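Below is one structure, written out as structure tokens, with a few remarks after it.
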Amino acid sequence: RELKIILLILFCNFIKKLITMLTKKVENALNKQIEHEANASQFYLAMASWAETKGLEGVSSFFYRHSDEEREHMLKLIKYVNERGGHAIVPSLAKPPKVFDCLSHVFQDLLDHEVMVSREINKVVDICLKDKDYTTHNFMQWYVAEQIEEEALARHILDKLKLIGDDKGGLYLFDRDILNMNPAKN
Ligand code: OFO
């Protein structure tokens, strides 16, 4: 009789796992997203390093923080995929640029990258809906909200840079002020 109960519990656990498991489509989409977050982290790290070599302390610390946050976004996805019975794949990374033309180009690159990531996140959300995976759909809403904040911040900074133009004093103050601007919080 005890053996029957144990078998029944094991069977129920197995069924529960099957029900909560990610579909292959959703798992693949999340793994792709892991790659995007990892590449964003790498890209912003290159920007941080470039800014540091130019003596732009505020800008470099902004990008170091941003790079760390993207890595956290990647880790959050890795843990989620594994918790849902999938296998999170750690991707190889594309080599980011070494040098950037100027500050405006750096922040334009940031905005373009975030817009691309938002597009990719929307694709994941779409796949979740098509696969009726409402749990992952719900999980991804955090990323959707995060992207709105990140894009808005990049646009806000670009507007400031346009106002400053080539004014050296303005750039000095900008570098100081950006120390207090946080990339979207986690
Ligand atoms: Fe991961 O938030 Fe930007 O890309």
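All values reported here derive from a predicted model rather than from experimental measurement. Start at 1 and go down the list; that is how both ligands and their atoms are numbered.
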Around atom 1 (Fe) of ligand 1, what protein N, O or S atoms are found below 2.8 Å?
E37 OE1, E70 OE1, H73 ND1
Would you mind telling me which of E69, R71, K76, E70 makes a side chain to side chain donor-acceptor pair (under 3.5 Å) with H73?
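Option passing the side chain to side chain donor-acceptor pair (under 3.5 Å) with H73: E70.
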What is the distance from atom NZ of K98 to atom OG1 of T53, rounded to the nearest 0.5 Å?
11.0 Å
Indicate yes or no: does R155 engage D159 in a salt bridge with an N to O separation below 4.0 Å.
no
Mind telling me whether F62 and F107 have parallel, tilted or perpendicular rings, with 30° and 60° as the class edges?
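F107 vs F62 ring planes: tilted.
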Starting from atom 4 (O) of ligand 1, locate the nearest protein heavy atom and write down its residue, its atom name and how far away it is, to 0.1 Å.
E114 OE1, 2.8 Å
Quick check: does any side chain N or O of D133 sit under 3.5 Å from a backbone N or O of L22, one acting as donor and the other as acceptor?
no
Can you check whether V125's main-chain N or O pairs, donor with acceptor, with Y143's side chain at less than 3.5 Å?
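Not confirmed, Y143 side chain does not pair with V125 backbone.
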